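Everything on this sheet refers to the single structure shown next.
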Amino acid sequence: MARIIVVTSGKGGVGKTTSSAAISTGLAQRGKKTVVIDFDIGLRNLDLIMGCERRVVYDFVNVINGEATLNQALIKDKRVENLFILPASQTRDKDALTKEGVEKIINKLQEMDFDYIICDSPAGIETGALMALYFADEAIVTTNPEVSSVRDSDRILGILASKSRRAEQSLEPVKEHLLLTRYAPGRVNRGDMLSVEDVQEILAIPLLGVIPESQAVLRASNSGEPVIFDQTSDAGQAYLDTVARLLGEKRDFRFLQEEKKGFFNRLFGG
Ligand SMILES: Nc1ncnc2c1ncn2[C@@H]1O[C@H](COP(=O)(O)OP(=O)(O)OP(=O)(O)O)[C@@H](O)[C@H]1O
Ligand SMILES: [Mg+2]
């Protein structure tokens with residue numbers, strides 16, 4: 001059975017799509033057959049970040065409505081074996097997603113022997129976000145080190161515990177992971193942002209990864225190359241560690257301290 005993982009947050013713009021792209025690419029690089037689904041109906045960002053926007057013909061909603069088969073809509077990544085993208089539609093109304101429709105697709109993906117189904121959730125707690133988390137076995141709760149983001153993540157934890165299929169059917173609860181993104185140690189030290197410890201204390205769920213605030217992320221999304229391909233970058237390395245932990249490996253947390261920039265680093269903007 002595939003592990004179904006939702007990347008969720010409540011608050012918008014915290015790095016869910018960036019993380020979904022990086023983590024699914026990383027899992028495929030590690031030999032896991034992975035599909036990443038864009039649940040953000042109407043916005044459709046994931047295909048841009050994954051660099052396959054020109055290859056989108058059919059989407060998630062077309063498959064739900066029986067206008068295309070899953071095989072027609074799935075886009076196979078050209079860089080990594082075992083990686084597939086199911087894009088969202090750009091125009092349709094948000095009610096296009098139904099539990100039955102999503103379930104049908106998840107069941108078909110299960111039949112195709114995927115190891116991982118990654119669900120990139122839209123922001124908020126409306127239908128799209130609820131559909132993205134409903135079937136999840138695990139949740140990567142993506143949070144920025146600031147009060148409003150932590151509060152929304154806490155809210156999402158409540159929803160996972162009450163409105164997921166696992167909650168409804170009294171199964172083992174959705175396994176929760178904290179992914180702290182856009183972490184800027186310098187700003188933490190100056191007291192402008194919450195620290196890893198602060199966030200962990202409030203949310204009280206296991207820490208999966210800490211992704212530093214990094215220019216490499218913008219560069220990556222502009223070029224349609226998930227940042228995990230940029231293994232010279234801090235963010236790319238932090239996502240590699242995150243994927244390893246998801247696979248059960250132990251990795252030390254890096255990039256938690258402010259980097260003391262030496263002369264050459266300053267000079268070359270390292
Ligand atoms: N580690 C990071 N360092 C710097 N910028 C980042 C980082 N992670 C994400 N960003 C930037 O933050 C913005 C939002 O990222 P992203 O689209 O991944 O968030 P999202 O949670 O999916 O947003 P939405 O809720 O709208 O779907 C983007 O401009 C992205 O480049
Ligand atoms: Mg997004």
Side-chain angles (χ1 to χ4, degrees), residues 5-26 36-51 53 59-60 85-90 94 97 118-133 139-146 148-153 155-156 177-188 193-194 196 199 208-243 253-256 258-259 269:
I5 305 182
V6 62
V7 179
T8 184
S9 69
K11 189 168 162 50
V14 297
K16 292 180 294 296
T17 300
T18 302
S19 300
S20 298
I23 291 170
S24 52
T25 302
V36 55
I37 307 178
D38 190 349
F39 276 80
D40 208 342
I41 305 299
L43 281 178
R44 212 179 95 184
N45 249 334
L46 180 69
D47 51 311
L48 276 175
I49 308 282
M50 298 291 293
E53 74 280 7
D59 58 60
F60 196 12
I85 299 116
L86 185 56
S89 61
Q90 213 148 24
K94 305 206 182 244
L97 291 185
I118 307 294
C119 304
D120 178 19
S121 174
I125 49 169
E126 316 283 300
T127 314
L130 295 178
M131 289 300 148
L133 68 78
I140 296 179
V141 179
T142 311
T143 309
N144 290 163
E146 55 183 41
S148 65
S149 175
V150 174
R151 191 190 298 129
D152 285 2
S153 288
R155 214 154 155 218
I156 279 292
H177 308 276
L178 173 61
L179 182 65
L180 203 52
T181 52
R182 309 199 71 162
Y183 197 68
R187 299 187 60 189
V188 174
M193 276 189 165
L194 301 175
V196 179
V199 179
L208 179 70
V210 180
I211 313 298
E213 172 78 21
S214 169
Q215 303 227 327
V217 172
L218 190 61
R219 269 202 310 272
S221 60
N222 284 336
S223 60
E225 294 263 317
V227 70
I228 199 163
F229 282 123
D230 182 359
Q231 297 188 359
T232 60
S233 72
D234 46 2
Q237 292 172 25
Y239 276 118
L240 276 183
D241 290 350
T242 301
V243 168
F253 286 92
R254 299 189 273 169
F255 316 111
L256 302 185
E258 196 166 6
E259 209 183 317

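Remember, it's 1-based here, ligands and their atoms both numbered in the order they're listed. If you're wondering where the values come from, they're calculated on a predicted model, not measured in any experiment.
No donor-acceptor pair closer than 3.5 Å links the side chain of S121 to the backbone N or O of K16. Between the D120 side chain and the D38 main chain, no donor and acceptor come within less than 3.5 Å of each other. Side-chain atoms of S149 never come within 3.5 Å of backbone atoms of E146 as a donor-acceptor pair (strictly under, hydrogens ignored).
For atom 23 (O) of ligand 1, the closest non-hydrogen atom of the protein is G13 N, 3.1 Å. What sits closest to atom 19 (O) of ligand 1 on the protein, heavy atoms only, is G15 N, 2.9 Å. Ranking protein heavy atoms by distance to atom 9 (C) of ligand 1, first place goes to T18 OG1, 3.7 Å. Nearest protein heavy-atom neighbour of atom 2 (C) of ligand 1: V217 CG2, 3.5 Å. In terms of protein heavy-atom proximity, atom 20 (P) of ligand 1 is nearest to K16 N, 3.4 Å. Ranking the protein heavy atoms by distance from atom 17 (O) of ligand 1 puts T17 CB, 4.1 Å first. In this structure, the protein non-hydrogen atom closest to atom 4 (C) of ligand 1 is S214 O, 3.2 Å. Annotation: atom 1 (N) of ligand 1 to nearest protein heavy atom, P212 O, 3.0 Å.
With a heavy-atom cut-off of 4.0 Å, S9 does not touch ligand 1 at all.
The CZ atom of F39 sits 11.0 Å away from atom CG of L130, with the distance rounded to the nearest 0.5 Å.
Residues I125 and R155 meet the side-chain proximity criterion, which asks for heavy atoms closer than 4.5 Å.
Within a 4.0 Å radius of atom 29 (O) of ligand 1, the protein contributes no non-hydrogen atoms.
Residue contact check: V14 has heavy atoms under 4.0 Å from atoms 19 (O), 20 (P), 21 (O) of ligand 1. Near G12, with a cut-off below 4.0 Å to any heavy atom, the atoms of ligand 1 are 25 (O).
Taking all heavy atoms of Q215, R182, R219 into account, the minimum distance to atom 13 (C) of ligand 1 is reached by R182. For atom 27 (O) of ligand 1, the candidate residues are L218, D40, V7; the nearest heavy-atom contact is made by D40.
Using a 4.0 Å cut-off between charged side-chain N and carboxylate O, D230 and R219 make a salt bridge.
A heavy-atom separation below 4.0 Å is not found between N45 and ligand 1.
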